[in-house]
Every structure is written in C-alpha cells, then in structure tokens.
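Notes follow the structure.
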Amino acid sequence: MVAEQGGPEDQKPQSDEARSAFVPPAGVEQSAAPSEDDHPTSEFALPFGVHTDPSAPSSSGQGSASGPGSGQGADAPASAFVPPSGYSAQHQQPVFTPAHGIPMVRLTKEAPWQDRMRTMLRMPVTERPAPESVQKTDDSGPAVPRVLDLTLRIGELLLAGGEGAEDVEAAMFAVTRSYGLDRCEPTVTFTLLSISHQPSLVEDPVTASRTVRRRGTDYTRLAAVFRLIDDITTAEHVEVSLEEAYRRLAEIRRNRHPYPGWVLTASAGLLAGSASVLVGGGVLVFVVAAAGAMLGDRLAWLCAGRGLPEFYQFMAAAMPPAAMGITLTLTHSTDVRPSAVITGGLFALLPGRALVAGVQDGLTGYYITAGARLLEVMYFFIGIVAGVLLVLYLGVQLGAQLNPEARFVPNDRPVLQILASMALTLAFAILLQQERSTVLAVTLNGGVAWIIYGAMARTGGISPVAATAVAAGLVGLFGQLFSRYRYTSSLPYITAAIGPLLPGSATYFGLLGVAQNELDTGLASLSTAVATALAIAIGVNLGSEISRLFMRVPGAVGGPARRAAKRTRGF
C-alpha cells in the first residue's frame, strides 16, 4: 500500500541541515535548463573544430579542419601544432648557411694560456670549441670534485695575491679545460670564488665555492702559481697529474717569503728616503724620512700582531713620518724641508697596487669586484689621512709653521732624481716580495717611467696628470711584454714601477690645507691627487690593452680576431 502524498507544506524539510546546499529554496522559480552548448568545458579540452589529427573529421562532420577541402570545414580554426595545408617535409626549404661557411674556432698553441683563455671567456657559450684534454685522466674520466677543488685553490692564491678578476677566471678556466671538463663557468668576486660544471644537458650541475679570507702580497708565490698553471696547460714534455698538482700547490703555500722582516723594514726606509729626494730633499732629508718610515713600519707590524684591522695599521704607519716633519719644524731647522719628509712617508703607504687592480676590474666589466677594491682603497686612504691629519693638527696647536712650499723641484738634478726613482722602484719590489730575477727589469721600468714623466711635465710643460697617464701607459706596455716573454703575471713588472708616479706630494699639501682650515686649497690638491691616481690606473690598463693589439691573439678563423672585453653596450 502506497502512502498518500501530502501537500507542499508536508514536503518541506524540518531544518536547513535536511536540505542540500545546491537545492534552490522553496518559492524560488527555476530557470529552464541550459542548452548543451552553453555548458562550461574543461580548460584542457580542445575547442570546437580544433583537433590534433589532420585526418579526423570535425565535430560537424564536414571534413578535416586543416586538410584541403571545401565547405565550412575548410574555414574551421586549426591547431598551432598542425602543419599547414600543402606542407611536406620532403619538399621543405634547406637550412640557411652563410656563403663563407660556419667559422671554426681554433686556439693557437703559440699564444700564452692567458690570451687563449681570455679569448674563450669572451666567446658565447655556443661558440666555444670542445676542450682538448692536455692532462691524462682515468678511463672513467676526470674526477670532477677534485678538479673543481684544485681550480678553486689556484684561483684563491691568485686573487689573494692581487690578480685581476678576469685573469683569475682565465686561470680557473684553463685548469678545468686542461683536465677535460667542458661547460665550466667560473665566477670571481672580491672575496668569493665559485665554479659550476654541468656534465650534460640532462644531468644536474656540480657547483663548488671558496672564500678568500686572508690577502697577502707575495709576488714570488704568484709567479710559482703561474708556472704551475703553465705546466698544466702545456702538452709538450709536461705531465701534471692531479696528485702532482696538489703536491706542488702545497709546496707553494708552505714556501717562506724570500726576504726577512728586517729587509722589508729597511726597504720601507729606502722607499721613503728616495721619494723625499724626488721632491727636493737632500741627504739629511733622506735620513730623517727613512727613519720615520721604518718606525711607522714597525708600528704597523705591532698593530698587525695585536689583531687590529688594516685601517688602524695604515693610520699608525702614517703618524711617525708626520711627527718627524713636525719635530723638524718646531726645531726651526732651515736645512730640512718638513714637507719632503712627510711626502716620503706617504709614498710608502699609498695603496697603488689595490687602486690599479680595482680600476682594471672596472674597465674589463667586473663591476662588483671593482667596487669592492675601490672601497678598500678608500678605507686605506682615509686611514692615512686620519693619521697624518691628527699629527698635523697637533703640530699647528703647538705653533709649528707649516706653510705650503714649492711643489715642483727645479730641473737641476735630473740624474739624481732618475737614480732616486730607480731606488724607490727597487725598494717597492722588495716590499712586494718579488723574485730576484724580476727586480732588475722592474727597476729599469720604473726609471723609464720617471724619465718620461720628467720630460713631459717638467721640461715640456705638459699637465702632470697627462704626463702621469702616458708614463703609466708605457709601464703597462713594458710590463705586458716582460710577462709574455717570461710566461708569467704582469703584476711583478708593473706594480713597483708605478711607485715614482704616486701622488704623495699632492696628498700632503691637500692634508696640510685641511689642517690649516684652508679647505678650498686642500680639497683642490686632494682632487689633483685623486686625478693622478686614476690616471696611473687607467694608463696601466690602456698600456696593457695596447700591447695585446700587436700580439697574435687566438680567435675565430674567418671571424673577428679579438673579442671585446665589455659584455654590454650599456643598455
């Protein structure tokens, strides 16, 4: 027996929980059901008239949407993945090839590895030739983690020794390619080195990094690292396994400096004394300036032994020479020029090496490393300024008469000044811990730089900044030629040679003007010092680039002979 159906009130639910959320409430009229064409479709469904099979009929049954035919099926939209009508893979156009063919890149073995690897770095990745393994490896291939670790250790020594970022990347690239690793990308910043190796397009890359925490100036160690890289990248009569490379690298790290501490202190005194002679000092000025520089050097060593940062070391080293000049002024000595004494002490402290490296990195496109190096130079310079200004201010309070004197020495002692410039370069080379075999060449290079500067600025009356740039350019040119002849770094032949060109005199007179409240004069002189320093750095880099214009640099056969160092055009 079927129960009798009740009215509409009897069919209402007792509460909201008894009604589905999708059921319209009572009293609401329902619209007509939508047509089948208005139903929403999945976003993964093909639209009407579009299909992936050209031979399949369209949904309207009027033929293929993409095949040849007439009627409405021919006007239906086609898929982007369906070839157009009339397309045949057998009759397609051939791929375009230039009339002269595709250039093949060949690296000449006669060129030094620096030039070959720099050329490789400046090539697009798709144009780089496959690596030719110079060193033998096992049947299973090179040990990727060990090769990357060796590469990072070599790059760390080069970067800590003052090499430019591009040269460090070229060295790292040369080591990896010599051991058969392709698709390696080294990256160098001021304190961090990293390298990435991708075995193939379907395998995960292997990346390793290393941090440079300590920096030391030892050009003997730098030259030994360059010899190791040259042996690794040379195929003739030299075989350097990974174990042998690690052993030689450990020996390079353990080697002691070629000069003891007392020789370095004496060299600092010789450098300051020679600089004082360049700016017009005599024998007594030479002795006093040398004594002040040696005292400042020992004081800096004491601060370094106590763990003080380099900023305070430079500040402490700048105070004794300035104190010597103030003492001579207070004793009313007429035979001694205090400005020459202070200037000689500043020559021994100005960070010319870091300035040249910073500007070189900026000119070659490594802006992060260049900014960090120049910031380091700024901190060192501020430390020197703080130390000298503190002593000058105390001297002014004590009544010392520190009047600006003649800034240019009369041209009546050219032979003495040339000998002084060579002695300054010799002392600078010893402070940089250079090999004894390179000292003579860099000393002659420094003498030539001073001759060019004196002939242009003092005899020819040309602007001192322009004369400094030309002299520094010749230093860079000769340094590159020396380094290519010896297959080593150019730094040992360049850094010490720019010593006579450093703006020690302009720096002193600028600080003196600031100490005596003559800000206009002081800032103008400091601006001259900055301009001279930049002229040195740019001139050295320009001379190096000019030397490469006349060298046989490897490149693409039939293409450009040299890749530009700049990565972009600025936009």
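- Listed by first then second residue, pairs satisfying salt bridge (Lys or Arg N to Asp or Glu O under 4.0 Å) with a partner in residues 191-201 number zero, not counting sequence neighbours.
- With sequence neighbours excluded, the residues forming a side chain to side chain contact (heavy atoms under 4.5 Å, CB included) with Ile538 are Val359, listed by chain and number.
- Of all heavy-atom pairs between Gly345 and Ala272, the closest is N-CB, 4.2 Å.
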Pairs of donor and acceptor atoms involving the side chains of residues 530-537, under 3.5 Å and at least two apart or interchain, shall be tabulated with distances.
residue : atom : partner : partner atom : Å
Thr532  : OG1  : Thr528  : O            : 2.8

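- Pairs passing the side chain to side chain donor-acceptor pair (under 3.5 Å) check and including a residue from residues 370-388, sequence neighbours excluded, read Asp361-Arg373.
- Annotation for Phe173 and Cys184: closest pair CE1-O, 3.1 Å, computed over non-hydrogen atoms.
- Between Gly446 and Ser421 the shortest heavy-atom distance is O-OG, 4.4 Å.
- Using a 4.5 Å cut-off on side-chain heavy atoms (C-beta onward), Thr151 and Tyr179 make no contact.
- The line from CG of Leu355 to CZ of Phe381 is 10.5 Å long, rounded to the nearest 0.5 Å.
- Partners of Arg436 according to the salt bridge (charged side-chain N to carboxylate O under 4.0 Å, His left out) rule, which considers only residues two or more places apart in sequence or in another chain, do not exist here.
- Rounding to the nearest 0.5 Å gives a distance of 8.5 Å between OG of Ser489 and CD of Gln480.
- With sequence neighbours left out, Arg254 forms a side chain to side chain contact (heavy atoms under 4.5 Å, CB included) with Ala250, Glu251.
- Between Ala423 and Leu270, the shortest heavy-atom distance links the atoms O-CD2, 4.0 Å.
- Remark: Glu156 pairs with Arg210, Arg253 by the salt bridge (charged side-chain N to carboxylate O under 4.0 Å, His left out) rule, at least two apart or across chains.
- Separation of atoms CZ (Phe226) and CG (Leu158) is listed at 5.5 Å; rounding is to 0.5 Å.
- In this structure the side chain of Leu157 reaches within 4.5 angstrom of the side chain of Leu249, judged on heavy atoms.
- Put simply, the side chain of Leu222 reaches to within 4.5 Å of the side chain of Glu163, judged on heavy atoms.
- The OG1 atom of Thr425 sits 10.5 Å away from the CH2 atom of Trp450 when rounded to the nearest 0.5 Å.
- Taking the salt bridge (charged side-chain N to carboxylate O under 4.0 Å, His left out) definition, one finds that Arg153 meets it with Asp149, sequence neighbours left out.
- Taken from CG in Asn445 to CZ in Phe482, the straight-line distance is 6.0 Å, to the nearest 0.5 Å.
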For residues 189-198, dump all side-chain donor-acceptor pairs below 3.5 Å to protein atoms at least two apart in sequence or in another chain.
residue : atom : partner : partner atom : Å
Thr189  : OG1  : Leu192  : N            : 3.3
Thr189  : OG1  : Leu192  : O            : 3.0
Ser196  : OG   : Thr207  : OG1          : 3.3
His197  : ND1  : Asp182  : O            : 2.9
Gln198  : NE2  : Ser200  : O            : 3.3

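- Two residues are said to be in side-chain contact when any heavy atoms from C-beta on lie closer than 4.5 Å; Tyr246 and Arg146 meet this criterion.
- Closest non-hydrogen pair, Thr364 versus Gln360, comes out as OG1-O, 2.9 Å.
- When all heavy atoms of Val442 and Ala429 are compared, the closest pair comes out as CG1-CB, 3.9 Å.
- Checked against ring-ring contact (aromatic ring centres under 6.0 Å, His included), Phe478 has no partners two or more places apart in sequence or in another chain.
- Taking the side chain as every heavy atom from C-beta outward, Phe314 and Ile382 never approach each other to under 4.5 Å.
- Between the OG1 atom in Thr176 and the CG atom in Leu148 there is a gap of 8.0 Å [rounded to 0.5 Å].
- In this structure, the side chains of Leu152 and Met172 come closer than 4.5 Å at one or more pairs of heavy atoms.
- Contact check for Pro351 versus Phe380: side-chain heavy atoms found under the 4.5 Å cut-off.
- A 4.5 Å side-chain heavy-atom check between Leu346 and Pro321 finds every atom pair outside the cut-off.
- Remark: side-chain polar atoms of Thr220 are paired, donor with acceptor, to backbone N or O of Gln433 under 3.5 angstrom.
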Please report, to 0.1 Å, the donor-acceptor pairs under 3.5 Å made by any side chain of residues 492-503, with sequence neighbours excluded.
residue : atom : partner : partner atom : Å
Thr495  : OG1  : Tyr219  : OH           : 3.1
Thr495  : OG1  : Leu491  : O            : 3.1

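- Panel note: side chain Tyr259, backbone Gln434; a donor-acceptor pair is recorded below 3.5 Å.
- Shown here are the salt bridge (charged side-chain N to carboxylate O under 4.0 Å, His left out) partners of Glu310, two or more places apart in sequence or in another chain: there are none.
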